[in-house]
*Asks:* 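I'd like to ask you about the structure that follows.
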Amino acid sequence: MTLIRDSVGQVLTVLLALTVSVVMPRDDADATAPAPRFADIAAVDRYVEQQVAKHGAPGLALAVTRDDEVLLVKGYGVAGERPVTARTQFLLGSVSKSFTAVAVMQLVEAGRVALDEPVTTYLPEFTVATAGGAVQITVRSLLHQTSGLADAGFPAYTLPQPETIAERVQSLRSAELVSTPGTEFHYTDLNYAVLARLVEVVSGRPFAEILQDHLFTPLDMTNTSAVSTTAEARRAAPHLAQGHIQLFGMPIERDELDGYLGGSSGVISTAEDLAGYLIAHNTGGSFNGAQVLSPASVAALHRPPPDVDSSYAMGWVLDDDPDGSTVVQHSGVLSTYHADIALLPQHDYGIALLYNYNHALANYAGIRNGIVALLLGEQPAGTGPGAAGTGLILAGLIVVTSALLYLALRRVPAWARKRRGRPWWRILPGIAWTLLPALLVLALPKLIQLFADRVFTHYQILLSMPDVLVWLGITAVFSLLVGVARLLRLTRGRRRPGLDM
């Protein structure tokens, strides 16, 4: 999506180029260079300070660990009216899925759940609209996001939101499976809502209590909790950072959208607490003498399925860093928060980044990769133009687009004169293209579903990139005005052939 003159193709091409320039990773790292035993943590600190300023982040909290050591835990910027600290709370979004996976694996180790059993063994009431579909869904397929559930078969965010995990699972009786369970990867929060309900039913206790007693407390995560709704989060987290959206590079305070979070997005935590969580994952499930999982189970959490084309493990995604190192990571995206966690198992590093803002074009992955590079003794790649640069680019696109379309509007009489007497089929393209920007705006949810396999409302898309939607909206309005003016001129000319147009 970008500057439109005569076709939406140009719109899509320029925005794609802008996005690629922001997120493209570097490709020139030395794959053979070993990581230094002692990373330059001061360089990491300076780098993050620079990135906070460059990308207009109102606040950020960082944790860096290696083996069982905490190398750096620090806050940057503000959480609203107070500075961000190591104990400032943030909503983790989909990073929460890794916690749900741990809770399931704890039940597996206790012999109370089997990964390859149908989930209906533990949730007899669980059903979907696809005939015979529920009994084919295994616990493992839910963890690997290969259950056949998908946003396309149940657009959860466009429907009334439940208030409990049980209500979410009950609502899935109207969900259609989009593929045979165990055969295809489809990322959706629904899988982890079902897993959270499984934990509740098998344990006989609320999901949040299980996480608290079997994970948060053993790992000394004293400022961490789990909630099922956004409204509950506001009550549960007294030190929750103020969320923000970003408009033309400027952060704007906004409360998180009301909605359901349970099992997939509802963990609230701090950089200090996540340091212990990272250590547990890098040390085979242990922390300060507590063993929350066996090394074998931790390894299973980080391993994608062997028989499906997917890099999604169990609440984690397996990536390759440009230097050839393995990175096990997951991000979390909400309307006003963003989170990243990453493990470098070959070097025993752990990284957590918590932001109290979100923008679809912000290069969060680039910042994480920059920290990885510094930990491995390399120089980080660039992270794009930053908030101010991106804001200026989008503002410039609005100005140029508006100017071009204003000129097109002024030239309507001349355009119509040149086409007087031509058949309609030759004139139609000059009218039809003016409808395309409006159609593009209307079709954005469907385009996102097509290319990203996710379903969101127009309002959610607006909050994720309000400046882009402002640009597209202005383009759509001006284009429609040009189209209507051309059509009226042509109609007048045909009704009054003697009129000089």
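Model, not experiment: these values are computed from the prediction.
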*Asks:* Quick check: are there more than 12 heavy atoms from other residues, nucleotides or ligands sitting under 6.0 Å from CZ of Arg411?
*Replies:* no
*Asks:* Does any donor atom in the side chain of Asn358 or Thr336 lie under 3.5 Å from an acceptor atom in the other side chain?
*Replies:*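 Judged by distance alone, the side chains do not pair up.
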*Asks:* Do any N or O atoms from the side chain of Arg168 and from the backbone of Gly262 form a donor-acceptor pair under 3.5 angstrom?
*Replies:*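 Side chain of Arg168 to backbone of Gly262, a donor-acceptor pair under 3.5 Å: no, none is there.
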*Asks:* Using only heavy-atom distances, determine whether the side chains of Asn223 and Thr270 contain a donor-acceptor pair under 3.5 Å.
*Replies:*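 No.
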*Asks:* Answer whether the closest heavy-atom distance between the side chains of Leu301 and Val102 falls below 4.5 Å.
*Replies:* yes
*Asks:* Pairing donors with acceptors under 3.5 angstrom, does anything connect the side chains of Gln51 and Thr383?
*Replies:* yes
*Asks:* Going by salt bridge (charged side-chain N to carboxylate O under 4.0 Å, His left out), name the residues that satisfy it together with Arg234, two or more places apart in sequence or in a different chain.
*Replies:*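 Arg234 satisfies salt bridge (charged side-chain N to carboxylate O under 4.0 Å, His left out) with Asp258 only.
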*Asks:* Any side-chain heavy atom of Leu404 within less than 4.5 Å of one from Phe478?
*Replies:*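 Answer no - side chains too far apart.
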*Asks:* For residues Thr130 and Glu176, is any side-chain donor paired with an opposing acceptor at under 3.5 Å?
*Replies:* yes
*Asks:* Looking at His359 versus His338, is the centre-to-centre ring distance below 6.0 Å?
*Replies:*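 Distance test on ring centres: not under 6.0 Å, no.
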*Asks:* Side chains of Leu469 and Leu444: closer than 4.5 Å at any heavy-atom pair?
*Replies:* yes
*Asks:* Between the side chains of Tyr192 and Ser96, does any donor sit under 3.5 Å from an acceptor?
*Replies:* no
*Asks:* Can you check whether Leu318 reaches Val327 side chain to side chain, under 4.5 Å on heavy atoms?
*Replies:* no
*Asks:* Show your working on side chain to side chain contact (heavy atoms under 4.5 Å, CB included) between Val328 and His281 and close with a plain yes or no.
*Replies:* CA-CA 10 Å; Val328 183; His281 276 276; over 6 Å; no
*Asks:* Taking it one step at a time, do Tyr357 and Tyr364 satisfy ring-ring contact (aromatic ring centres under 6.0 Å, His included)?
*Replies:* CA-CA 11 Å; Tyr357 86 106; Tyr364 301 105; 5.6 Å; yes
*Asks:* Please determine if Lys97 and Asp189 form a salt bridge, counting it only when a charged side-chain N lies under 4.0 Å from a carboxylate O.
*Replies:*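 Counted as a salt bridge, because a side-chain N and a carboxylate O are separated by less than 4.0 Å.
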*Asks:* Side chains of Glu163 and Thr229: any donor to acceptor distance under 3.5 Å?
*Replies:* no
*Asks:* Please report, to 0.1 Å, the donor-acceptor pairs under 3.5 Å made by any side chain of residues 305-314, with sequence neighbours excluded.
*Replies:*
from   : atom 1 : to     : atom 2 : distance (Å)
Ser310 : OG     : Tyr312 : N      : 3.0
Tyr312 : OH     : His330 : NE2    : 2.9

*Asks:* Do His244 and Gln246 have a side chain donor and acceptor closer than 3.5 Å?
*Replies:*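 Result is no, nothing qualifies.
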*Asks:* I'd like to know whether the aromatic ring centres of Tyr76 and Tyr355 sit less than 6.0 Å apart in this structure.
*Replies:* no
*Asks:* With the side chain counted from C-beta on, respond yes when Phe90 and Ser269 share a heavy-atom pair under 4.5 Å apart, and no when they do not.
*Replies:* no
*Asks:* Side chains of Arg368 and Gln329: donor-acceptor distance under 3.5 Å anywhere?
*Replies:* yes
